[in-house]
Amino acid sequence: MLDRKFLREHRDLVAAAVAAKREAVDIGAYYEKDAERRAALQESESLQAEVNRANRAISEAKKAGLDTAAAIAGMRATGQRLKELNARAAELDAEVEALYLRIPNLPDAGVPIGGENANQVVRSWGEPRRLDHPAVPHWDLGAELGMLDVEAPARMSGSGFSLLKGDLARLERALIGWFLDTHRAAGYVEVAVPYLVSPAAMVGTGQLPKLAEDMYRCQVDDLYLIPTAEVSVTNIHRESTLAESDLPIRYCAFSPCFRREAGAAGKDTRGLLRMHQFHKVEIVHFEHPDRSREAHEELTAQAEGLLRKLELPYRVVLLATGDLSFAASRCYDLEVWSPGVGQWLEVSSCSSFTDFQARRAQIRWKGASGKGFVHTLNGSGLALPRTLVAILENYQTADGKVLVPAVLRPYLGGQDVIG
RNA sequence: GGAGGGCUAGCCUAACAGGUAAGGCAGCGGUCUUGAAAACCGCCGGGUGAGAGCCCAUGGGGGUUCGAGUCCCCCGCCCUCCGCCA
């Protein structure tokens with residue numbers, strides 16, 4: 001969330017940002033309620049001060065052995081009135097808070113304004129692969145190999161779930177291991193995190209309240225299944241102050257991700273492109289505010305490095321305001337060309353959240369140069385299903401087999417082909 | 001799930017029988033010093049304010065009371081045991 005004072009002092013900027021991000025929040029109502037809340041708070045605080053003064057006087061009088069019965073009787077009504085004022089202030093506070101939590105982060109100054117078609121391809125690497133045989137989409141290729149079953153998961157879980165078998169399951173596991181090892185070698189600390197988290201944790205990273213419909217919730221315990229490891233990893237440091245000298249802190253984590261995809265019915269229904277449950281390796285940075293812009297480039301380069309080593313041609317897209325997520329200030333999507341489906345697949349989203357998540361989750365830094373909220377950043381490194389799709393479709397052979405990218409062969413006992 | 005013990009600031013530790021959170025360590029700044037240590041001084045939870053100040057803060061939320069770290073209720077987390085369990 002944004003600083004409350006900043007919100008008050010930059011109404012035009014905030015309104016422009018809300019419009020550019022196409023958010024629905026009524027910021028006029030926020031300002032109105034906030035003014036009411038602050039008036040009520042002032043009133044109750046000054047009455048509280050009066051009560052405190054009277055109580056101190058009673059305490060002194062008692063110590064001096066004086067009769068305090070009259071003074072105490074006189075405070076009864078005041079105490080009651082204070083209680084009522086506090087109740088009113090708390091009510092207003094809840095109303096303001098509900099609106100406050102729906103105000104998005106501001107897009108960074110360099111972000112193009114507009115919808116999806118305003119996204120900018122800022123660079124690309126490699127040439128989209130042209131196969132010397134017809135490109136087969138991964139669902140056919142996987143089915144023919146007997147390694148991708150769509151029927152069994154549909155029977156047990158419904159649509160949007162996958163079942164990998166044999167060497168394809170092994171290939172996914174190889175990717176996970178290789179991703180984590182690569183990040184570790186670059187200085188990231190590997191963490192294994194909870195997959196069920198509290199509502200407060202989800203508010204911290206910004207999934208709640210806006211995206212409640214996209215989350216799986218375990219009602220009896222009021223816990224949410226994480227839609228990304230970002231939630232768990234960022235919340236590692238919730239409600240804490242980090243030493244400036246410890247920054248940056250960089251983590252990598254493997255996790256399953258659970259998404260209801262509430263608004264995406266009928267979209268990407270074939271194959272592995274859009275799942276209710278999938279695996280991902282995520283990288284997360286906690287940075288000093290002064291370094292967060294460079295860190296965003298570093299984080300993106302870290303994710304890009306994986307695609308280069310896998311020799312998968314990709315492009316880097318700077319998202320326009322309308323495509324930016326609620327909490328993000330700036331985001332690069334990494335898209336890999338996949339000849340079977342004939343699409344650029346988003347395999348990573350590398351975002352900077354400035355201090356937006358840190359303020360929500362109360363993650364501060366303190367040190368010689370001052371104190372404040374840290375900046376958080378994260379990116380996929382990488383999402384497994386679409387990486388698998390890209391490998392299957394880019395590395396397919398004319399006889400329906402799939403070559404194993406060179407970097408993964410050590411993870412498959414030297415095996416260089418699947419099928 | 002059951003029983004018992006705990007939770008005070010970054011860490012450690014006080015607060016009689018309810019009277020408005022005391023100290024220590026670490027950290028930061030300074031004095032002194034060739035430099036350091038020691039010693040001494042100041043700062044050292046959050047909000048608001050130009051400031052004096054005011055408000056909040058003892059795991060969280062309620063209640064009793066003029067007044068709650070302290071008394072009552074609910075919840076969370078940690079520790080020890082029992083039960084269950086991969």
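Residue numbers start from 1 in every chain, and the chains themselves are labelled A, B, ... in the order their sequence lines are given, proteins ahead of strands.
The main-chain N or O of A/Val231 is never found under 3.5 Å from a side-chain atom of A/Thr205 such that the two would form a donor-acceptor pair.
Comparing B/A3 with B/A86, their C1' atoms are spaced 25 Å from each other, to the whole Å. Between B/G24 and B/A14, the distance separating the two P atoms is 15 Å to the nearest Å. Comparing the same atom, P, in B/G5 and in B/G10 gives a spacing of 28 Å after rounding to whole Å. To the nearest whole angstrom, the two C1' atoms, one in B/G1 and one in B/C72, are 26 Å apart. B/G23 and B/G42 are spaced 12 Å apart, taking the P atom of each and rounding to whole Å. As rounded to the nearest Å, B/A9 and B/U58 have C1' atoms that lie 9 Å from one another. As rounded to the nearest Å, B/A39 and B/C25 have P atoms that lie 9 Å from one another. Between B/C79 and B/U31, the two C1' atoms lie 47 Å apart (nearest whole Å).
The side chain of A/Arg76 contributes an N or O atom lying less than 4.0 Å from OP1 or OP2 of B/C66. Neither OP1 nor OP2 of B/C66 sits under 4.0 Å from any side-chain N or O of A/Lys83.
Partner assigned to B/A3 is B/U80, using Watson-Crick or G-U wobble distances below 3.5 angstrom. Pairing partner, B/C11: B/G24, with both Watson-Crick or wobble hydrogen-bond distances short of 3.5 Å. Base pairing analysis places B/U48 opposite B/G53; the two distances defining the Watson-Crick or G-U wobble pair are each below 3.5 Å. Across every strand in view, B/C40 sits in a pair with B/G30 that passes the Watson-Crick or G-U test at under 3.5 angstrom.
Atom-to-atom, CZ of A/Arg56 to P of B/G53 comes out at 12 Å; the value is rounded to the nearest Å. Across the protein-nucleic acid pair, A/Asp246 atom CG and B/G27 atom C1' stand 13 Å apart, rounded to whole Å. Taking atom CZ of A/Arg4 as the reference point, atom C1' of B/U48 lies 13 Å away to the nearest angstrom. Rounded to whole Å, the distance from CD on A/Glu43 to C1' on B/C54 is 16 Å. Going from atom CE of A/Met75 over to atom P of B/G19 covers 18 Å, rounded to whole Å. Nucleotide B/G59 holds its P atom 17 Å from the CD atom of A/Gln362, rounded to whole Å. Atom CZ in A/Arg238 sits roughly 14 Å away from atom P in B/C77 (whole-Å rounding). Atom CD1 of A/Ile72 is separated from atom P of B/U20 by 15 Å (rounded to the nearest Å).
Checked options A/Leu164, A/Leu148, A/Val347; the residue passing with A/Leu388 is A/Leu164 (criterion: side-chain contact (heavy atoms from CB on, under 4.5 Å)). When each of A/Gln120, A/His296, A/Glu297, A/Glu304 is paired with A/Tyr332, the side-chain hydrogen bond (donor to acceptor under 3.5 Å, both in side chains) condition holds for A/Glu297 and for no other.
Nearest-nucleotide mapping onto RNA chain B: of A/Asn55 and A/Asn52, the residue sitting toward the 5' end is A/Asn55. Judged by closest nucleotide on RNA chain B, A/Arg364 is the one of A/Gln48 and A/Arg364 placed further toward the 5' end.
Checked against B/U64, B/G19, B/C54, the side chain of A/Ala49 finds its nearest nucleotide in B/C54. With distances taken from any side-chain atom of A/Lys62 to the nucleotides B/U20, B/C66, B/U64, the minimum falls on B/C66. Residue A/Lys5 places its side chain closer to B/G49 than to any other of B/G47, B/U20, B/G49.
The aromatic ring centres of A/Phe278 and A/Phe258 sit 6.0 Å or more apart. In this structure, A/His279 has its ring center no closer than 6.0 Å to that of A/Phe179.
Counting only N and O atoms by type, the side chains of A/Ser198 and A/Asp222 include no donor and acceptor under 3.5 Å apart.
Contacts of A/Ala54 with the nucleic acid, taken as non-hydrogen atoms under 4.0 Å apart, are absent.
With salt bridges taken as basic N to acidic carboxylate O contacts below 4.0 Å, none links A/Arg293 and A/Glu298.
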